[in-house]
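Take a look at the structure below.
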Amino acid sequence: MSLFNVMNISSTGMEAENVRLNTTASNIANANTVSSSYGETYKARHPVFAAELQRATDNQTKGMGVQVKGIVESDAPLNVEYAPNNPMADEKGYIYKPNVNVVEEMANMLSASKGYETNVQVADTTKRLFRRVLQLGQGQ
């Protein structure tokens, strides 16, 4: 595997973790929103990743990157609360809150942040290896 492939794999990992961080931030930002109908309520979103298997099987000496396939909404039930005095309550007195678990989202954010940081470290180490190889080529 060449060092260029390592940089490509690292960059796809950083892109994927960036999407994950943004999605998690959106979930946390909308965690306390309230709606008067089930259909209008914010639903937690999660990115779907896939390894770029086709590129990896073309040449077994190459590694695989990460591809963001899309972002899906959670199918967990929404939080329904009886609050007849709330101005957002429906005709039956219920308000609807997102299905966002803030503790879980914070754990996702920490995990994504560490994954991003690890990919940055891999890219930085690869860059130092490039520099050292060039120095060796110059006889230093």
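Numbers for residues simply follow the sequence, beginning at 1. Since the structure is predicted, the reported quantities are computational estimates derived from the model, not experimental observations.
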(request) Determine, stepwise, if the pair Ile71 / Val19 fulfils side-chain contact (heavy atoms from CB on, under 4.5 Å). (result) CA-CA 9 Å; Ile71 297 175; Val19 169; 4.2 Å; yes

Once rounded to the nearest 0.5 Å, what's the spacing between atom [atom1] of [X] and atom [atom2] of [Y]?
X	Y	atom1	atom2	value
Thr33	Met88	OG1	CE	9.0 Å
Tyr96	Thr41	OH	OG1	7.5 Å
His46	Asp75	NE2	CG	9.0 Å
Ser111	Glu17	OG	CD	6.5 Å
Asn18	Arg20	CG	CZ	12.0 Å

(message) Evaluate Met106 against Ile28 for side-chain contact (heavy atoms from CB on, under 4.5 Å), listing each step before the verdict.
(response) CA-CA 8 Å; Met106 290 301 293; Ile28 292 171; 3.6 Å; yes

(message) Is it true that, when you exclude Phe49 itself, more than 12 heavy atoms of the residues, nucleotides or ligands shown sit nearer than 6.0 Å to its CZ?
(response)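 Yes, because the 6.0 Å sphere around CZ of Phe49 holds more than 12 heavy atoms from other groups.
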
(message) Apply side-chain contact (heavy atoms from CB on, under 4.5 Å) to residues Asn99 and Lys43 and explain how you reach the verdict.
(response) CA-CA 6 Å; Asn99 54 359; Lys43 294 168 185 64; 4.1 Å; yes

For residues 115-122, which side-chain N or O atoms pair as donor and acceptor with protein atoms under 3.5 Å away, sequence neighbours left out?
from	atom 1	to	atom 2	distance (Å)
Thr118	OG1	Lys114	O	2.8
Asn119	ND2	Gly115	O	2.9

(message) Using only atom types and a distance under 3.5 Å, with no angle test, would you say the side chain of Thr24 pairs donor to acceptor with the backbone of Leu21?
(response)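 Absent.
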
(message) Does anything in residues 84-107 form a salt bridge (Lys or Arg N to Asp or Glu O under 4.0 Å)? List the pairs, not counting sequence neighbours.
(response)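 Qualifying pairs, neighbours excluded: Glu81-Lys97.
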
